[in-house]
Amino acid sequence: MRHIAIIGSGPAGYYTAEAAQKHFGDDVRVDIFDLMPVPYGLIRTGVAPDHQSIKGVSRRYEKTALTENVRFVGNVAVGRDITIAQLQELYDAVVLATGAPEDRELGIPGEDLANAFGSAAFVGWYNGHPKFAELNPDLSGSTAVVIGMGNVALDVARMLSKTDCEFEGSDIVSHALEALCQSKIERIVLLGRRGPHQIMMTPKELGELAHLECAAPHVAQGDLPDEAEDALLEPGLRKSVTILRQFAATPEHIRAEKRIAIEFAFFAQPKALLGDGKVEAIEIEHTELVKGRAVGTGETARLPADLVISCIGYRTTPIPGVPFDQRAGRFANDEGRILPGLYCVGWAKRGPSGTIGTNKPDGFTVIDKIAEDIASGTLGSAGKKGRAGFDAYAAEKGLDVVTFKDWKKIEEAEAKAAREGAPREKFVDIEAMIKAAN
Ligand code: NAP
């Protein structure tokens, strides 16, 4: 019997567990640890609340979770409750699937001003992440600037634009729904440091902006490159650029029918956030592309900004003693191998890119590496204590472990508390989750 500990119960964690089952069959026991009492990581707190069909993938993870050889071990923080070294004593392999939960910083003056947030915080707020439930963004101003031209920037712009009715069927938490319904924002500027041909937005997500009840996307014709140049783009990006062209072709009087404008501002990089305690404006510098990179032209401008949300990517949280690549913001690894017996998958391995499905091959690859390392003797012979060893440790330390069965009780309580038409009303604090589990 071999024992694997996976740290993090998001997509990367569950695909790894599924791969372990498929590879080792009954000869493996997998414990999936999470510091939250609830599973599924970004599926719960990252994926936009109005994208319920994407969240449906958790049913696949549940299938894995309900098998004999996989166990959810919630409410256990690695680092606080147990160290990596202790886990390595108990398990043959430890796989870090901890994602990239921290915001990358802009590194510009004024970043700490009130009402300027990173996307991890803002997305966490509307998705009910306990760490950000009290964020309380001020939505009483008229202009929001969203920095970045990726799918997270789109999620944020969409959330800031939707009406009460458009949130029907979503699992947006009540505190955010109430605040967003009172929002006075009527101008959302999406700020890109490069041009339309360099956006990171995928067509389906970008296209959603055309179907909002009270908001319309604004793209200036003059910002678009010559259409013939689109032919050189890879097909997905070409589709996105075609959508930008459709936005630009929409007559002004049609756009003006919508109360909220979502403006695309290209070739503009943030230089400073300005304000007296609270953000009031953003200073930008115009850019031009030099060998694909944004280079400042020296020409600056000031945009009013009552709210700033920077959606420029994420970083993995370092763990003491685990080699870390500071520049890339993830664990230093060679195809998922960090140190003998210690591995990583998903965003913790490759940084914050790709779709949920990208984590599937990641999980299968790391299990292949573990199998190779078992075969070569790197992981020593079988005989580690695994689950039984952890249970003894948890009992001795008095850890309040939340099991998958407990999670099902939390899930049931959240479903019961749901608004009409919504799948759930999430608990936004850990104590309430644990209370529901008990
Ligand atoms: P992303 O796709 O990497 O986009 C980040 C954006 O931030 C880019 O436009 C980038 O511009 C810009 N940026 C980076 N540093 C900057 C700086 N210092 N100043 C100004 N702009 C800066 O990241 P993301 O939007 O956070 O998404 C992360 C991953 O999750 C992606 O793979 C995304 O597709 C996925 N996701 C998918 C969905 C969905 O499918 N529905 C939803 C959300 C997220 P440059 O290109 O110039 O660097």
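Below, each value reflects all heavy atoms present in this structure, side chains not excepted, and no hydrogens, waters or symmetry copies. Counting starts at 1 for both ligands and their atoms, following the listed order.
- In this structure, CD in Glu168 is found 10.5 Å from CD in Glu166, a value given to the nearest 0.5 Å.
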Can I get a per-line list of side-chain donor-acceptor pairs under 3.5 Å for residues 302-310, giving both atom names and the distance, sequence neighbours left out?
residue	atom	partner	partner atom	Å
Asp306	OD2	Ser142	N	2.9
Asp306	OD2	Thr143	N	2.9

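- In this pair, Trp407 and Tyr40 present their aromatic rings perpendicular. The plane angle is above 60°, beyond the 30 to 60° band.
- Within 4.0 Å of ligand 1, protein heavy atoms come from Arg104, Ile147, Gly148, Met149, Gly150, Asn151, Val152, Asp155, Arg193, Arg194, Met200, Glu205, Pro270, Cys311, Ile312, Gly313, Tyr314, Trp347, Pro352, Ser353, Gly354.
- In summary, the side chains of Ser9 and Asp34 do present a donor paired with an acceptor at a separation below 3.5 Å, with no hydrogens or angles considered.
- Centroid-to-centroid, the aromatic rings of Tyr61 and Tyr15 come within less than 6.0 Å.
- Residues Glu213 and Thr163 have side chains that bring a donor and an acceptor to within less than 3.5 angstrom of each other.
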